[in-house]
Amino acid sequence: MRFLVVGAGALGGYFGGRLLEAGRDVTFLLRPRRAAQLAKTGLVVQSPFGNLELPAPKHVLAENIDGPYDVVVVGSKAYDLESTMDSFAPAVGPDTVILPLLNGMKHIDQLAERFGNERVLGGLCMISATLDDDGRVLHLNDMHGLSYGERAGGRSARVDAIAAQFAGAKFDATASETIGQDMWEKWVFIASAAGLTSLMRASIGDIVAAGGQDVALSIFDECCAIAAHNGFAPRPAAIQRGRAVVTTAGSPMTASMYKDIVRGAAVEADHIVGDLLGRAPKSNSGDSPVPSVLRTAYVHLKAYEAKRAREAS
């Protein structure tokens, strides 16, 4: 089975690297700058589960894709998805499976519209990773999970084939029969944590120290309610875990979106927070509603984007 891993950033570099380590047929789709960097340094992963150095991993530039691959793994940022789809389109054939690892759900609609609903699996990953200034993949926590499955539920021959390829690779791979539910539960948590820590410009522990547990629970419960409205009410274990994480005293946790704001980078405001907010039940009242915590967080993120765009012009 031939895998095309789109990009060799934090996600693609880690999971693609682990598949290469296990002897799988992996090609990275790279931009010229990253290709030149890997030609000099190789793919370097530093992880609690073992470091990895792969000199000159197989790669291709978009203009040189010569035919379809079996599986295309997509882990780009949501705001780059349109150009990313253009780049890997020549790799998608009649039997190609696309495995996206983005957060939220909007990307599923975009991929399905472009390539066909039947080609797009559901997927998510649980990992904290980043690239350092030298292009090394730094794995920052003790989780490296990747879940995937048919969005309609159940198992299929193609999911079983991917499971066989993932078996033996050094990450926690799960072929899920409830991947839609899994993705919504992760979305609820990511939107809550991103909205909260970005709005407050603080860690969970600092928000708790300020007496903000009620605010934290308010945004989490609002996200849960939106998921329920869309038919994906989080399961009790997910609710318990999420409520505990956003109210943990002393926790240094901040969302990656907050980290992006701190370094002045682009954020996935519309994809993670705005799209979820847009799926909330509509009010029948003619009165102007009091802005929710999630709505306030979204306006804060959009104001950041407006300021960033103005300063770049």
Side-chain angles (χ1 to χ4, degrees), residues 6-7 9-11 74-85 100-111 113 123-131 183-204 206-207 212 215-227 229-230 232 242 245-246 253-283 288-313:
V6 181
L11 296 185
V74 185
S76 65
K77 289 291 189 180
Y79 45 74
D80 287 333
L81 185 57
E82 286 294 336
S83 61
T84 298
M85 289 191 295
L101 302 178
L102 291 76
N103 292 315
M105 297 296 291
K106 188 175 182 180
H107 64 281
I108 295 291
D109 298 334
Q110 294 173 273
L111 288 164
E113 181 179 357
L124 63 86
C125 58
M126 300 295 289
I127 188 171
S128 177
T130 189
L131 286 185
M183 291 172 68
W184 269 91
E185 287 177 354
K186 185 185 179 186
W187 192 10
V188 163
F189 177 74
I190 290 292
S192 302
L196 182 66
T197 60
S198 298
L199 177 62
M200 300 301 175
R201 301 291 179 96
S203 69
I204 294 294
D206 289 338
I207 294 167
V215 178
L217 291 175
S218 178
I219 194 170
F220 180 75
D221 290 347
E222 182 181 358
C223 293
C224 287
I226 295 172
H229 175 71
N230 285 269
F232 293 93
V245 170
V246 299
M253 177 191 165
T254 60
S256 59
M257 190 178 293
Y258 166 79
K259 296 181 178 71
D260 289 336
I261 289 174
V262 170
R263 62 189 181 90
V267 295
E268 297 176 305
D270 289 321
H271 193 82
I272 303 299
V273 179
D275 188 41
L276 186 64
L277 192 62
R279 298 178 193 236
K282 302 299 183 286
S283 172
S288 297
V290 176
S292 66
V293 180
L294 188 64
R295 166 70 179 162
T296 304
Y298 180 59
V299 172
H300 175 76
L301 291 168
K302 296 303 290 182
Y304 164 77
E305 287 185 335
K307 179 175 182 287
R308 183 172 179 271
R310 185 184 71 252
E311 291 176 346
S313 63

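The shown structure was predicted, so the numbers you read here are calculated from the model rather than taken from an experiment.
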Ala303: partners by side chain to side chain contact (heavy atoms under 4.5 Å, CB included), with sequence neighbours left out:
none
Can you see which heavy atom on Thr197 is nearest to which on Ala193, and at what distance?
OG1-O, 2.8 Å
pair Ile108-Lys106: side-chain heavy atoms closer than 4.5 Å:
no
Residue pair Thr254 / Ile204, side-chain heavy-atom distance below 4.5 Å:
no
Classify the ring geometry between Trp184 and Phe232 as parallel (under 30°), tilted (30 to 60°) or perpendicular (over 60°).
parallel
Stepwise side chain to side chain donor-acceptor pair (under 3.5 Å) test for Asp270 and Tyr79
CA-CA 9 Å; Asp270 289 321; Tyr79 45 74; over 6 Å; no
Within the structure provided, determine whether Asn103 and Trp187 are in side-chain contact (heavy-atom separation under 4.5 Å).
no
Crowded around Lys259 NZ? As in, over 12 foreign heavy atoms under 6.0 Å?
yes
Could you tell me whether the side chain of His229 reaches within less than 4.5 Å of the side chain of Arg279, counting heavy atoms only?
no
Set of residues satisfying side chain to side chain contact (heavy atoms under 4.5 Å, CB included) with respect to Val215, sequence neighbours excluded:
Leu196, Met200, Val293
Contact between Thr84 and Val6 at the side-chain level, heavy atoms closer than 4.5 Å - yes or no?
yes
Measure the shortest side-chain to side-chain distance between Asp260 and Lys77 over non-hydrogen atoms and say whether it is less than 4.5 angstrom.
yes
Would one find more than 12 heavy atoms of other residues, nucleotides or ligands at under 6.0 Å from atom CZ of Arg308?
yes
Do His300 and Arg201 have side-chain atoms, one donor and one acceptor, less than 3.5 Å apart?
yes
Just distance, no hydrogens or angles: give the donor-acceptor pairs under 3.5 Å from side chains in residues 220-227, sequence neighbours left out.
from   : atom 1 : to     : atom 2 : distance (Å)
Asp221 : OD1    : Arg243 : NH1    : 2.7
Asp221 : OD2    : Arg243 : NH1    : 2.9
Glu222 : OE1    : Ser292 : OG     : 3.2
Glu222 : OE1    : Leu294 : N      : 3.3
Glu222 : OE2    : Ser292 : OG     : 2.8

Rounded to the nearest 0.5 Å, how far apart are CG of Leu111 and CD of Glu113?
10.5 Å
